[in-house]
Visitor: 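Structure incoming, see below.
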Amino acid sequence: MPVIVLAFHVDYWDYMGWKDPYGGSQWTVRQKAYVESLKLDTMFTPQIVVQGRTQCVGNEEEALLSSIVNAPRFPAPTFQATFQRPTPDCLQVSLSGALRTKADNDGVNVMVALYDSGLVTDCPRGENKGRVLSNDYVVRKFEKLCTVKDISAKKTVSGTVNFALWEGFNSSKCGLVVFVEDSSHQIFGSQSIQFPDAV
């Protein structure tokens, strides 16, 4: 069964002496929202959230596999993407397609994550002192394409997002994930989009 993975690196461990270069306060805010919506007592790492509906400790393999197997299935959206580089440090992505999930009056957000893989980081301090950390599917940029409500599953949705690129951006190591979520971050469909050879 296909699984789309995204890693949101939080920043609340920075005080331990090593700042995660991929950590961000916006990812910490997102995790706090999951603490509320899933009625948890506290935040922790590593945490895995499956479709915004269940969660487990990231190294508990049985719990993770159970969450994945028991997660509800939603059809993947059918977005087509076109890529432009209006400037060397900006990536513009235009998307058009159907959600393949009906949006009711409460509405849903169509989110776009730009991730980076093959990242290797030396960790000189903190809990992982002396280790070399390898990371894939690390969310580097995250934008809302649009908010929609009261539309059928087949209706075409279109929009454009702009990503400010980081130094060393390499499209061959990156990809996009488009997903549909409600206000409590429950996911109702996701789609992985690979970059063309030349971006």
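Remember, it's a predicted structure, so these values are computed and weren't measured experimentally.
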Visitor: Could you tell me the separation between the CZ atom of Phe169 and the NZ atom of Lys141, rounded to the nearest 0.5 Å?
Guide: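 Phe169 CZ to Lys141 NZ: 11.0 Å, rounded to 0.5 Å.
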Visitor: Would Val35 end up clustered with Val29 when hydrophobic side chains under 4.5 Å apart are linked, directly or stepwise?
Guide: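 Not linked; separate clusters.
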Visitor: Using 0.5 Å steps for rounding, measure from the CZ atom of Phe195 to the CG atom of Asn170.
Guide: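 Atom-to-atom, Phe195:CZ and Asn170:CG are 10.0 Å apart.
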Visitor: Counting only heavy atoms not in Gln84, do more than 12 fall under 6.0 Å of its CD?
Guide: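 Result for CD/Gln84: open.
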Visitor: Scan side-chain atoms only and decide if Ser158 and Ser96 contain a donor-acceptor pair under the 3.5 Å cut-off.
Guide: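 The criterion, which ignores hydrogens and geometry beyond distance, is satisfied for Ser96 and Ser158.
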Visitor: Which atoms form the tightest heavy-atom contact between Leu6 and Phe179, and what is the distance?
Guide: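 In terms of heavy atoms, the two residues are closest at CD1-CE2, 3.9 Å.
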Visitor: Using the salt bridge (charged side-chain N to carboxylate O under 4.0 Å, His left out) criterion, which residues pair with Arg53? Sequence neighbours excluded.
Guide: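 So Arg53 forms no salt bridge (charged side-chain N to carboxylate O under 4.0 Å, His left out) with any residue.
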Visitor: Thr28 and Asp11: side chain to side chain donor-acceptor pair (under 3.5 Å), yes or no, with the steps?
Guide: CA-CA 6 Å; Thr28 299; Asp11 65 350; 2.6 Å; yes
Visitor: Could you tell me which residues satisfy salt bridge (charged side-chain N to carboxylate O under 4.0 Å, His left out) with Arg100, sequence neighbours excluded, listed by chain and number?
Guide: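 Per chain and number, Arg100 pairs via salt bridge (charged side-chain N to carboxylate O under 4.0 Å, His left out) with no residue.
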Visitor: In this structure, would Val180 and Phe142 fall into the same cluster of hydrophobic residues linked by side-chain contacts under 4.5 Å?
Guide: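 They do not share one cluster, since no chain of ILVMFWY contacts under 4.5 Å joins Val180 to Phe142.
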Visitor: Does the Gln51 side chain pair with the main chain of Pro72, one donor and one acceptor, at a distance under 3.5 Å?
Guide: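 Checked: pair present.
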Visitor: For residues 177-199, pull every pair meeting salt bridge (charged side-chain N to carboxylate O under 4.0 Å, His left out), keeping only residues two or more places apart or in separate chains.
Guide: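 Residue pairs with at least one partner in residues 177-199: Arg30-Glu181.
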Visitor: When you group the ILVMFWY residues by side-chain heavy-atom contacts below 4.5 Å and let the links chain together, are Phe163 and Met111 in the same group?
Guide: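 The answer is no; the residues belong to distinct hydrophobic clusters.
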Visitor: What pair of heavy atoms forms the shortest contact from Asn59 to Pro46, and how long is it?
Guide: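 The answer is N-CG, 4.4 Å.
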Visitor: Any chain of hydrophobic side-chain contacts (each under 4.5 Å) joining Tyr22 to Val120?
Guide: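 They do not share one cluster, since no chain of ILVMFWY contacts under 4.5 Å joins Tyr22 to Val120.
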Visitor: Nearest 0.5 Å, please: how far is OG1 in Thr42 from NZ in Lys32?
Guide: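 Nearest 0.5 Å value for the NZ-OG1 distance: 10.5 Å.
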Visitor: Give every donor-acceptor pair under 3.5 Å between a side-chain atom in residues 144-153 and any protein atom, sequence neighbours left out.
Guide:
from, atom 1, to, atom 2, distance (Å)
Lys144, NZ, Thr147, OG1, 3.3
Thr147, OG1, Asn109, OD1, 2.6
Asp150, OD1, Asn105, N, 3.2
Ser152, OG, Lys154, N, 3.4
Ser152, OG, Lys155, N, 3.3

Visitor: Short question: side chain of Gln80, backbone of Leu95 - any donor-acceptor pair under 3.5 Å?
Guide: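 Judged by distance alone, no pair lies under 3.5 Å.
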Visitor: Are the side chains of Val199 and Leu91 in touch, meaning some heavy atoms are under 4.5 Å apart?
Guide: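 Val199 vs Leu91: side chains touch.
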Visitor: Same cluster or not: Phe74 versus Val112, using hydrophobic residues (I, L, V, M, F, W, Y) connected whenever any side-chain heavy atoms lie under 4.5 Å apart?
Guide: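 Both belong to a single hydrophobic cluster.
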Visitor: Any luck finding a side-chain donor-acceptor pair between Gln31 and Tyr12 under 3.5 Å?
Guide: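 Their side chains do contain a donor-acceptor pair, which is all the 3.5 Å distance test asks for.
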Visitor: Measure across Ala81 and Val93 and return the closest heavy-atom pair with its distance rounded to 0.1 Å.
Guide: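 Smallest interatomic distance, heavy atoms only, reads CB-CG1, 4.2 Å.
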Visitor: Taking the side chain from Tyr34 and the backbone from Leu40, do they hold a donor-acceptor pair closer than 3.5 Å?
Guide: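 No; judged by distance alone, with no hydrogens or angles, the pair does not exist.
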Visitor: Apply side chain to side chain contact (heavy atoms under 4.5 Å, CB included) to Asn162 and list each qualifying residue two or more places apart in sequence or on a separate chain.
Guide: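 If we apply the side chain to side chain contact (heavy atoms under 4.5 Å, CB included) test to Asn162, skipping adjacent residues, the hits are Cys90, Gln92.
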Visitor: So, does Ser66 use its side chain to make a donor-acceptor pair with the main chain of Glu62 at under 3.5 Å?
Guide: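 Not confirmed, Ser66 side chain does not pair with Glu62 backbone.
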Visitor: Output yes when a side-chain donor or acceptor of Ser117 lies under 3.5 Å from a complementary backbone atom of Cys174, and no otherwise.
Guide: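 Not a single qualifying donor-acceptor pair exists.
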Visitor: Check the pair Arg140, Asp116 against salt bridge (Lys or Arg N to Asp or Glu O under 4.0 Å), reporting the backbone distance first and the verdict last.
Guide: CA-CA 7 Å; Arg140 300 294 296 270; Asp116 200 359; 2.7 Å; yes
Visitor: Is there a side-chain contact between Gln47 and Phe8, using heavy atoms and a 4.5 Å cut-off?
Guide: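 Result no, sub-4.5 Å side-chain heavy-atom pair not found.
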Visitor: Enter the distance from Thr101:OG1 to Leu99:CG here, rounded to the nearest 0.5 Å.
Guide: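 Reported to 0.5 Å precision, the distance equals 6.5 Å.
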Visitor: Looking at Leu176 and Tyr115, what are the two nearest heavy atoms and their distance?
Guide: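 The pair with the smallest heavy-atom distance is N-CE2, 3.8 Å.
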Visitor: What heavy-atom pair brings Trp27 and His9 nearest, and what distance separates the two atoms?
Guide: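 Between these two residues, the closest heavy atoms are CD1-O, 2.8 Å.
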Visitor: Would you please name every residue forming a salt bridge (charged side-chain N to carboxylate O under 4.0 Å, His left out) with Asp20, sequence neighbours left out?
Guide: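 Asp20 satisfies salt bridge (charged side-chain N to carboxylate O under 4.0 Å, His left out) with no residue once adjacent residues are dropped.
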Visitor: What verdict does the side chain to side chain contact (heavy atoms under 4.5 Å, CB included) test give for Val178 and Ile193, after you've listed the backbone C-alpha separation in whole Å, the side-chain angles of each residue and the deciding distance to 0.1 Å?
Guide: CA-CA 8 Å; Val178 182; Ile193 298 174; 3.8 Å; yes
Visitor: Roughly how far, to the nearest 0.5 Å, is the CG atom of Leu64 from the SG atom of Cys56?
Guide: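 Answer rounded to 0.5 Å: 5.0 Å.
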Visitor: Return yes if some donor-acceptor pair links the side-chain N/O of Ser192 with the main-chain N/O of Val177 below 3.5 Å, else return no.
Guide: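 No, because the side chain of Ser192 does not come within donor-acceptor range (under 3.5 Å) of the backbone of Val177.
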Visitor: Which heavy atom of Ala76 sits nearest to which heavy atom of Ser190, and what is that distance?
Guide: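 Residues Ala76 and Ser190, closest heavy atoms: CB-O, 3.3 Å.
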